[in-house]
Amino acid sequence: MAVHRVTFLVFDGIKMLDVSGPAEVFTEANTLGARYALHYVSPSGRPVRTSIGTLLPADAAAAELHADTLVVPGADLLVTAPIPPELTDAVRHLRARSGRLVSICTGSFVLAAAGLLSGRRATTHWRHAPLLARAHPEVRVEPDSLFVEDRDVFTSAGVTAGIDLALSLVERDHGAGLAREVARNLVMFMQRPGGQSQFSAPLRVRAPRPPVLRAVIDLIAAQPALEHSTDSLAALAAVSPRHLTRLFNAELGTTPGKFVEQVRLDHAKALLDAGHGVAETARAAGFGSPETLRRTFQARLGVSPGQYRDRFATTRPQPHRPSSSVEAEAHGHAVKRSGSAAFQSAAQDSGGSMSSWPGSSQS
């Protein structure tokens, strides 16, 4: 079996887990019969300072080595400052002498800046996916994916998703059996349930300029369980449904229906984080029934409400619960409040900026 050279391009500020996580996967595979040789290069060949303050030595300068798999880790500075030309030069040089190309987390910004993602599908950390899409419209960003393959270029989502991607590469190289043993030894999923949207923070937007739209979105945020069809919102705002839709698209880049669903989803996630039951959450967030909530979670997050709650409510181990009966149980009646009265209350306060959505301190 030929040795497979995995070369990490490291630089000051790299997220240490973006390097150590995938490296551990390849190293664990070696204990089971794989033959990965790991190397670390920097643009100049000098050691680099990582995100946790440790000094990471480099085996050589980028110009001195080649790679079967080239891995570009992420760093916080890649989304806050211009990417150094020496870093994009190094990745272009290594790319010309490598087989497959891999980025971890915000490492995709280096690939994009070097022109290596043009016309390709890619992902990055959920928090920075909108920035990648705006800064590089030539890249087809998939914000919910844990990792994306486009021909011989692989990009992963945030931080630990790089471990998932490394395991997938091991499976490609050595088959599912060896990859499964690596996953077992490292106590990780072969395939993590759901996409990275389940980890995302609640929606935050700038307060829109038109006062009537501010009042509408404040109402939705304050009372997600109310009737919020486009027609009803337009009637309360005293504008036509078409005009309201134009305002949403111009100010928020979405439709009223999608905005309402996102606010309700964020509210539901916050209620589940706080330990509320699925039926109670469905009512309070405006989904009407546990089944509607379940379908929305599956479609948007790739997991059920019960699974989401068990993963994010606490770090303490949870007792096993049969999900079907729990998630199907309904309790009581939905909170009822006059839409007109709520709208008038929101309109009176609409001059301020809406800094957060329901489900954080308000839930």
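Position 1 is the first residue of the sequence, and the numbers go up from there. Any value given below was found using the heavy atoms of this structure, including those in side chains, with hydrogens, waters and symmetry copies removed.
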Do [X] and [Y] have side-chain heavy atoms sitting under 4.5 Å apart?
X      : Y      : answer
Arg294 : Phe287 : no
Leu101 : Val71  : no
Met188 : Leu167 : yes
Val170 : Arg172 : no
His228 : Arg264 : yes
His39  : Arg5   : yes
Pro43  : Asp89  : no
Arg151 : Arg100 : no

Please report the closest heavy-atom contact between [X] and [Y], naming both atoms and the distance.
X      : Y      : result
Ala221 : Val263 : CA-CG1, 4.1 Å
Arg92  : Ala113 : NH2-O, 3.6 Å
Thr155 : Ser108 : CG2-CB, 4.4 Å
Leu272 : Pro305 : CD1-O, 3.8 Å
Pro73  : Asp18  : CB-CB, 3.7 Å
Ile104 : Pro22  : CD1-CG, 4.2 Å

Could you tell me whether [X] and [Y] make a salt bridge, using a distance below 4.0 angstrom between a side-chain N and a carboxylate O?
X      : Y      : answer
Asp152 : Arg95  : yes
Asp68  : Arg97  : no
Arg300 : Glu261 : yes

Around atom CG of Asp76, are there more than 12 heavy atoms of other residues, nucleotides or ligands at under 6.0 Å? no
Is the number of heavy atoms from other residues, nucleotides or ligands within 6.0 Å of CZ (Arg242) greater than 12? no
Parallel, tilted or perpendicular, judged at 30° and 60°: which one describes the rings of Phe26 and Tyr36? tilted
Exam field: side chain Ser145 to backbone Phe147, donor-acceptor pair closer than 3.5 Å: no
Side-chain (Thr292) to main-chain (Gly288) donor-acceptor, under 3.5 angstrom: no
Could you please spell out the steps behind the side-chain contact (heavy atoms from CB on, under 4.5 Å) verdict for Ile217 and Leu252? CA-CA 10 Å; Ile217 65 173; Leu252 304 177; 4.0 Å; yes
According to a 4.5 Å side-chain heavy-atom criterion applied to Ile, Leu, Val, Met, Phe, Trp and Tyr, with indirect links allowed, do Val148 and Val110 form part of one hydrophobic cluster? no
